[in-house]
2 protein chains.
Amino acid sequence: MNEMPVGLNSRDRILWAAATLLGEGPGAALSVRKVAARAEVSTGSLRHHFPTQRALMDAVLPIVYDLVFTDDGIHDATIPPRDRLVAALQRLLAPEGAKTKPREDWLVAVDRYVRTEPTRATRAEYLALERELLRRIEFCLGVLREEGALAGGDDARRARYLVTVVTGLSVAQAFPAEDTRLQTEIEVLYTAVDYLLKQ
Amino acid sequence: MNEMPVGLNSRDRILWAAATLLGEGPGAALSVRKVAARAEVSTGSLRHHFPTQRALMDAVLPIVYDLVFTDDGIHDATIPPRDRLVAALQRLLAPEGAKTKPREDWLVAVDRYVRTEPTRATRAEYLALERELLRRIEFCLGVLREEGALAGGDDARRARYLVTVVTGLSVAQAFPAEDTRLQTEIEVLYTAVDYLLKQ
DNA sequence: ACCTGAACACCGTTCAAGT
DNA sequence: ACCTGAACACCGTTCAAGT
């Protein structure tokens with residue numbers, strides 16, 4: 001059992017409590033009272049620092065993610081190509097210093113590019129964003145190709161395919177999900193990536 | 001306002017109540033008491049026929065879906081497996097008698113499951129929808145497996161992977177796109193599907 | 001077997017009251 | 001500003017009791 005670090009203020013105790021609860025396997029969901037109890041804080045105090053459960057989640061998740069995904073080298077040849085590619089895609093999914101949250105990102109994106117009839121300008125803007133995503137993925141594929149880890153074929157087509165998978169996963173991040181979301185996400189990425197690599 | 005059909009037994013009244021509640025726009029989620037009230041039945045009776053909310057959801061969704069979708073054509077052995085699977089996925093992407101368009105569907109879905117704080121009920125509702133999608137894809141995979149067209153492996157995992165791809169494509173349908181969208185869509189589907197099938 | 005409705009153990013949020 | 005804890009309006013599930 002984890003001991004609570006000493007000397008933390010209430011807000012950090014709450015974050016610590018929520019993070020450790022999340023780290024306790026499936027079924028260990030965040031409830032107000034559980035988090036408050038572990039943080040040794042009242043529910044009122046919890047609500048003072050985090051007005052809704054979503055606000056709490058949005059504060060905790062980036063912390064948990066950053067603990068898991070640190071490395072960022074697609075060039076690191078000591079790591080198997082498939083792991084590097086998966087890690088790269090995961091970073092696209094949840095950028096390094098992201099203050100943005102998947103839900104808000106989706107709301108903004110939908111309002112901007114779907115709700116209103118897109119003007120020429122917003123349309124171009126979205127297509128540019130999409131191209132940038134494709135560019136990043138194609139770059140990663142290029143690195144792996146130079147190592148000979150990639151079978152012959154159309155990398156542009158593969159990049160479009162991977163962008164689709166990443167997009168599908170980012171939807172899953174914004175919509176409700178089971179507690180096993182992160183595990184499913186990794187599984188799907190490996191399934192998608194293994195197809196492209198030589199075995 | 002819908003009138004309840006006469007002459008239904010309790011179980012069917014419950015199913016009718018749940019189905020009509022699902023059809024009532026954002027914010028109308030399934031709770032035990034709401035369904036029981038509309039069905040003019042006690043919560044205990046509801047629980048007698050459907051021991052959990054999940055059981056209720058899993059009973060209602062196929063009914064709602066079957067009102068929209070007809071046969072998948074997944075059994076037609078005169079067509080190559082990959083083409084049948086791609087066709088089935090394409091049908092999930094744009095249902096046969098669909099009156100709604102991708103853009104509107106996305107707006108409704110985002111409003112219902114992302115914009116507003118998801119309650120336990122709307123959350124359960126979305127997860128049940130997702131399960132129904134998985135169920136249908138797993139069914140298609142099962143048919144192909146019986147024909148020996150599928151390599152050994154975890155079909156549940158494959159279904160999650162295909163759901164992700166389909167979701168990614170449905171996003172592309174709602175957001176701005178180049179005019180080559182349809183071609184890209186088919187390309188991506190074949191790329192995703194070919195991985196799963198024996199060659 | 002089918003049904004009732006109270007009771008139980010939760011949930012997230014609000015708020016008057018304290019420091 | 002920070003914190004408390006009771007109260008509120010929900011939720012899904014259980015169960016003794018009826019028909």
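First the proteins, then the strands, lettered A, B, ... as listed; each starts at 1. Quantities reported herein were computed from a predicted structural model and do not represent experimental measurements.
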inquiry  = Students should find this one: the first and last nucleotides of DNA chain C, 5' to 3', lying under 4.0 Å from a heavy atom of chain B. What are they?
reply    = C:dC2 to C:dC11
Among all residues two or more places apart in sequence or in another chain, which pass the salt bridge (charged side-chain N to carboxylate O under 4.0 Å, His left out) test with [X]?
X: A:E40; answer: none
X: A:E138; answer: none
X: B:R82; answer: B:D194
X: B:D154; answer: none

request  = Could you work out the complete set of other residues in the hydrophobic cluster of B:W16, with links drawn between I, L, V, M, F, W and Y side chains under 4.5 Å apart?
outcome  = B:M4, B:L8
Kindly write out the residues that satisfy side chain to side chain donor-acceptor pair (under 3.5 Å) with [X], not counting sequence neighbours, or none if the list is empty.
X: B:E130; value: none
X: B:R158; value: B:D155
X: B:R115; value: A:D111, B:D111

ask   = Any salt bridge (charged side-chain N to carboxylate O under 4.0 Å, His left out) pairs touching residues 48-63 of chain B, not counting sequence neighbours?
value = B:R54-B:D58, B:D58-B:R131
message = What residues from residues 50-58 of chain A pass a heavy-atom cutoff of under 4.0 Å to DNA chain D?
response = none
Residue closer to the 5' end of DNA chain D, B:T43 versus A:N9 (nearest nucleotide) = A:N9
inquiry  = Between B:R112 and B:T122, do the side chains contain a donor N or O and an acceptor N or O under 3.5 Å apart?
reply    = no
query = DNA chain C: A:R47 or B:S42, which has the more 5' nearest nucleotide?
reply = B:S42
inquiry  = For DNA chain C, please output the secondary structure as dot-bracket, reading 5' to 3'. Pairs are Watson-Crick or G-U wobble, both atom distances under 3.5 Å; mark crossing pairs with [ ], other-strand partners with |, unpaired with a dot.
reply    = ||.|||||...|||||.||
